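Below is one structure, written out as structure tokens; the observations come after it.
Given the structure is predicted, the values throughout are model-derived calculations rather than measurements. Naming convention: chains lettered A, B, ... in sequence-line order (proteins, then strands); numbering from 1 in each chain.
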2 protein chains.
Amino acid sequence: MADRLSRVFAALADPTRRDMVARLAAGDATVNELAGPYQVTLQAVSKHLKVLEDAGLVSRTRDAQRRPVHLEAEVFDLMTKWLERYRREAEERYRRLDDVLRSMPDDVHPAPPPHEGGAPT
Amino acid sequence: MADRLSRVFAALADPTRRDMVARLAAGDATVNELAGPYQVTLQAVSKHLKVLEDAGLVSRTRDAQRRPVHLEAEVFDLMTKWLERYRREAEERYRRLDDVLRSMPDDVHPAPPPHEGGAPT
DNA sequence: GCTGTACTCAACCGATCGGTTGAGGAGACG
DNA sequence: CGTCTCCTCAACCGATCGGTTGAGTACAGC
């Protein structure tokens, strides 16, 4: 799993980790604070944090023996970009297909035109 | 992995599956067509498709012996909602923290209550 | 009906994942 | 110094994952 996007998606595929992200969105927290609500060992939480860190979703600094965890917002942009791209394509195509189906009750056609006008902004 | 969002994120954590989604955004395709560019067996592709289907990202219909795969755009909304929520929170907080740091060169952490107690042992 | 095409199901395999326990490392504090 | 708190590293374990091969299902066409 080399690429960044895969690590990000994989990191967020776990509900516990998504929950941690949600908590961190409200402010930095120590490992102990994050571990609080979950019924797992501190080591497990530490591992989750490592996964999030490797994905670039959080960063850990040092404050005495505490390791405050900070949510990195930039990564969300990466996902949003990926998402928006295909979401728009798919929705646009969906609208177009719907249109095509209405004007073509039977038979087949060679190939759809590369583009059409009138797509909403 | 019961919840929908986890399945969606997990499905997209694989570059091959993201690639398939990208391809499907341009139009429906059969399993064979999707398998084309990848150096894996048809069965592996079929499995990937099943993962995407279980996540609600695609649907499979029947056309003679072909099984055309269709991208379901709605699911992207689910992710976008989740993303946007925390992205906004995090960025807002980031801006706020930045401001706070400037007016607070040292000292004075809120130091949340050391609640705790119990758990294991 | 037989054959070929398109695809799925089932069993298996090595690698990774999420969790555990156990053993520390780093720093505050008596 | 010793000790306590906070946290990480290492080893292990069962479950799941991504891939394989082999067999089977569904349909078209001769």
Side-chain angles (χ1 to χ4, degrees), chain A residues 1-3 6-21 24 28-55 57-70 108, chain B residues 1-3 5-21 24 28-55 57-70 106-107 109 111-121:
Chain A
M1 172 119 46
D3 70 296
S6 293
R7 285 195 303 254
V8 173
F9 277 121
L12 294 176
D14 186 292
T16 302
R17 284 192 294 257
R18 278 202 310 282
D19 222 52
M20 287 174 175
V21 167
L24 287 169
D28 294 7
T30 67
V31 179
N32 252 314
E33 287 167 354
L34 283 168
Y38 313 109
Q39 199 61 13
V40 296
T41 62
L42 203 66
Q43 290 93 320
V45 172
S46 194
K47 273 194 179 182
H48 279 307
L49 255 8
K50 191 162 195 337
V51 172
L52 289 170
E53 190 177 27
D54 287 347
L57 277 159
V58 307
S59 61
R60 285 186 280 182
T61 50
R62 184 168 260 298
D63 170 27
Q65 67 271 63
R66 311 248 167 88
R67 305 297 306 275
V69 182
H70 174 74
V108 288
Chain B
M1 175 119 48
D3 70 296
L5 206 44
S6 293
R7 285 194 302 254
V8 173
F9 277 120
L12 295 176
D14 186 292
T16 302
R17 285 193 294 258
R18 278 203 310 282
D19 222 52
M20 288 174 175
V21 167
L24 287 169
D28 294 8
T30 67
V31 179
N32 253 315
E33 287 167 353
L34 283 169
Y38 312 109
Q39 198 61 11
V40 296
T41 61
L42 204 67
Q43 290 93 321
V45 172
S46 194
K47 272 193 180 184
H48 279 307
L49 255 8
K50 191 164 194 336
V51 173
L52 289 170
E53 189 177 27
D54 287 347
L57 278 158
V58 307
S59 61
R60 285 186 280 184
T61 51
R62 185 168 260 296
D63 170 28
Q65 68 269 63
R66 312 248 165 89
R67 306 297 304 277
V69 182
H70 174 74
D106 65 310
D107 182 64
H109 284 275
H115 82 87
E116 210 13 56
T121 320

### Message
Keeping A:Ser6 on the side-chain end and B:Asp14 on the backbone end, is there a donor-acceptor pair under 3.5 Å?
### Response
no
Between N or O atoms, less than 3.5 Å apart, protein on one side and nucleotides 18-20 of chain D on the other: list the pairs.
residue: D:dG18; atom: OP1; partner: B:Arg17; partner atom: NH1; Å: 3.4
residue: D:dG18; atom: OP1; partner: B:Arg17; partner atom: NH2; Å: 2.7
residue: D:dG18; atom: OP2; partner: B:Arg17; partner atom: NH1; Å: 3.3
residue: D:dG19; atom: OP2; partner: B:His48; partner atom: NE2; Å: 2.3
residue: D:dG19; atom: N7; partner: B:Lys47; partner atom: NZ; Å: 3.2
residue: D:dG19; atom: O6; partner: B:Lys47; partner atom: NZ; Å: 2.0
residue: D:dT20; atom: OP2; partner: B:Thr41; partner atom: N; Å: 3.0
residue: D:dT20; atom: OP2; partner: B:Thr41; partner atom: OG1; Å: 2.8

Contacts of B:Thr41 meeting side chain to side chain contact (heavy atoms under 4.5 Å, CB included) (sequence neighbours excluded), chain-then-number -> B:Gln43, B:Ala44
Across all chains, not counting sequence neighbours, the side chain to side chain contact (heavy atoms under 4.5 Å, CB included) partners of B:Ala55 are B:Arg7, B:Val8, B:Ala11, B:Leu57
*Is the shortest heavy-atom distance from the side chain of B:Phe9 to the side chain of A:Arg18 under 4.5 Å?*
yes
Closest non-hydrogen atoms of A:Thr16 and A:Tyr38, given as atom of the first, atom of the second and distance, are O-OH, 4.0 Å
Between CD of A:Glu33 and C1' of D:dT5 the distance, given in whole Å, is 14 Å
Between A:Ala35 and A:Val45 the two heavy atoms that sit nearest each other are CB-CG2, 3.6 Å
Atom CZ of B:Arg67 and atom P of D:dA28 are separated, to the nearest Å, by 13 Å
A:Leu52 CG to D:dT8 P, in whole Å, measures 12 Å
*Between A:Ser46 and D:dC7, is there a side-chain N or O to OP1/OP2 distance below 4.0 Å?*
no
Sorted by chain and number, sequence neighbours left out, salt bridge (charged side-chain N to carboxylate O under 4.0 Å, His left out) with B:Glu33 holds for none
To the nearest angstrom, the CG-C1' distance between A:Asp54 and D:dT8 comes to 14 Å
Taken to the nearest whole Å, NZ/B:Lys50 to P/C:dC7 is 17 Å
### Query
For the side chain of B:Arg17 and the backbone of B:Leu12, is there at least one donor-acceptor N/O pair under 3.5 Å apart?
no
Could you pull out all donor-acceptor pairs under 3.5 Å where a side-chain atom in residues 59-68 of chain B meets a protein atom, sequence neighbours excluded?
residue: B:Ser59; atom: OG; partner: B:Glu72; partner atom: OE2; Å: 2.9
residue: B:Arg60; atom: NE; partner: B:Glu53; partner atom: OE1; Å: 3.2
residue: B:Arg60; atom: NH2; partner: B:Glu53; partner atom: OE1; Å: 2.8
residue: B:Arg62; atom: NH1; partner: B:Ala64; partner atom: O; Å: 2.7
residue: B:Arg67; atom: NE; partner: B:Thr61; partner atom: O; Å: 3.1

Requested in this report: Considering just the side-chain nitrogens and oxygens of A:Asn32, establish if one lies under 4.0 Å of OP1 or OP2 belonging to D:dC7.
Outcome: yes
Under a 4.0 Å heavy-atom criterion, the protein footprint on nucleotides 25-30 of chain C, written with B, S and -, is --BS--
Rounded to whole Å, the CD-C1' distance (B:Glu53 to C:dT8) equals 12 Å
